[in-house]
Amino acid sequence: MKTGEKLSLCLLLLIAFAGSVAAQELITNVYGRNIHSLNGKWNAIIDLYDQGQRMKIYENRQPEGNIDFYEYAFEGGLRLNVPGDWNSQSPELKYYEGTVWYARHFDAKRLADKRQFLYFGAVSYRCKVYLNGKEIAEHEGGFTPFQVEVTDLLKDGDNFLAVEVNNRRTKDAIPAMAFDWWNYGGITRDVLLVKTPRTFIKDYFIQLDKNTPDRIIARVRLSDKKAGEKVTVAIPELKINAELTTDAEGKAETVLNAKRLQRWSPEEPKLYGVTVSSSADRVEEQIGFRNITVKGTDIYLNGKPTFMCCISFHEEIPQRMGRAFSEADAAMLLNEAKALGVNMIRLAHYPQNEYTVRLAEKMGFLLWQEIPIWQGIDFTDNDTRKKAQRMLSEMIKRDQNRCAVGYWGVANETQPSKERNEFLTSLLETGKQLDTTRLYVAAFDLVHFNSEKQRFVMEDSFTSQLDVVAINKYMGWYHPWPVEPKDAIWEVVTDKPLIISEFGGEALYGQSGDENVVSSWSEEYQARLYRDNIRMFDNIPNLRGVSPWILFDFRSPFRFHPTNQDGWNRKGLISDQGMRKKAWYLMRDYYMKKRNNR
Ligand code: GCB
């Protein structure tokens, strides 16, 4: 390249960067830092025609003198709770898909010896953040966190924060145009002001080596590329106190020998107090250690072949008809999972809030976390692919130290094509660059009955890249039985562990009817369907887990049946009012037997 060309390229890059405000790499364990909550009532303006930008309402101007006026004000209008979706907070926002502006004031102090960050747990779906009238960040993706440094942007005293939030569905989004859950919009998770020392512990990964029961990998990275800094990783209960020295990148890595380590398991979810410290910083958290591996068609948890008794739920409190966002919400969802007797939860179909993940770990649930690559994704679009890679990275980085997470899910019900394969392969590559200690999984729905072979089969070459293959199959609901359940034999990806990641059917709680008639929407039919599927499970030689769809009835805009559905997907084992259906008891008994190896 000639010098002139080089210069113009540099200029182009400079312009590109000056115009963009990329979200910054996440700080590990935000909740373990010095944080100040910005949750609460925020002022809001509904901007149906997207005019707020043009009017620069983020500047929050107040009229001066007699001839000055503005056609907006944040004060004195709509107030919305943060965290929270907007749909459940005002009747006119129930179906709203568009822009809502959120704004609030907060007091801050510029601090010479500290750095400060604004952290958003999740904003659904895309947003721009403005501080004191200036755009400082943007983010796309409704289920992963982001942060922006504001050290030099804060003012002493009053600061004005505005967030332009938009949840319009688009073809290039993830998820895309149609998905079977409610498109909640808003600032749906915590907003925090985080203070750190000038040079702080930005990132750490402390997990058990995948294949050994007593070697802990510890990787730490400082916020600055400072060589020769001392960093300590201490686990007092294990008598570990390791001093590491950073390299020129500000990184340090070691393997810790953990004799007499009690591994985390669903039965005994043991966690250890871990402290990571440097000369200026100190972060504490509870971390657990476990091995999860695959050999042949078995999934080994801590070296023991384990059957995954699993359940899914959406991040939704059905009784409130809104997104779950608090520790109390997490407790409600997880207590019901506990009562069902599961050892694993698939957090469907997107990364759920950190309260749920942390409490699940304490309560002893293995977790499958996934990004919302849910049908209908545009696999030909390069930008969509980059988005998916970023979402996956954000999910992994947030929860990399949660030993409860045993699986990273990369897709749900995708159709084979060259573009799909390349897209998903790139996701696996991204994931494995960050974490090789978890299993990689995806759910497929292409299993069909081959009448010549008299077997259920599936051809999808992408399955060869996964550790565990998951199948969503609605026998007795979307698919009539081609043979009796006792004769429904499977020959699907026979060399790998298989999890039935979805099965089930709908029933309206309290509706009784003929157990042979699917259109009765009765608890009896749903229970029968469960009995039949459970019978079929015995015919899947490589079956290593099952997960009914789903724990609770959930809201879905395209469930049109006026009396049986009324905007709800009724496949829950528990109704929207929290009542257990007949199938719940069947599944509880099945899991009790499975977990007692009977
Ligand atoms: C599926 C999807 C899930 C739906 C479910 C259903 O296969 O993965 O998101 O809610 O079917 O009820 O149709």
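One-based numbering, in listed order, for ligands and for the atoms of each. These values consider heavy atoms only, across backbone and side chains, with no hydrogens, waters or symmetry-generated copies. Please read these numbers as outputs of a predicted model, since none were measured by experiment.
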Can you list the atoms of ligand 1 that are under 4.0 Å from a heavy atom of [X]?
X      : answer
Arg559 : 6 (C), 12 (O), 13 (O)
Glu413 : 1 (C), 2 (C), 7 (O), 8 (O)
Tyr478 : 6 (C), 12 (O), 13 (O)
Trp374 : 2 (C), 3 (C), 8 (O), 9 (O)
Phe554 : 10 (O)

Do [X] and [Y] form a cation-pi contact, if we require the NZ or CZ to be under 6.0 Å from the six-membered ring centre and within 45 degrees of the ring's axis?
X      : Y      : value
Arg555 : Trp182 : yes
Lys582 : Tyr525 : no
Arg559 : Trp568 : no
Lys571 : Tyr474 : yes

Which residue and non-hydrogen atom of the protein lie closest to [atom], and at what distance in Å?
atom                    : answer
atom 4 (C) of ligand 1  : Asp180 OD2, 3.2 Å
atom 9 (O) of ligand 1  : His349 NE2, 2.6 Å
atom 2 (C) of ligand 1  : Glu502 OE1, 3.1 Å
atom 12 (O) of ligand 1 : Lys571 NZ, 2.5 Å

Looking only at heavy atoms, is any part of [X] under 4.0 Å from ligand 1, and if so is it the side chain, the backbone, or both, or is it neither?
X      : value
Asp445 : neither
Asn569 : side chain
Phe558 : neither
Tyr474 : side chain

More than 12 heavy atoms of other residues, nucleotides or ligands under 6.0 Å from OH of Tyr31: yes or no? yes

Under a 3.5 Å threshold, yes or no: a donor from one side chain and an acceptor from the other, between Arg323 and Thr188? no

Measure centre to centre between the rings of [X] and [Y], then say whether the value is under 6.0 Å.
X      : Y      : value
Tyr184 : Trp86  : no
His314 : Phe554 : yes
Trp521 : Trp477 : yes

Polar proximity ligand 1 side, Asn412 side, N/O cut 3.5 Å exclusive: yes

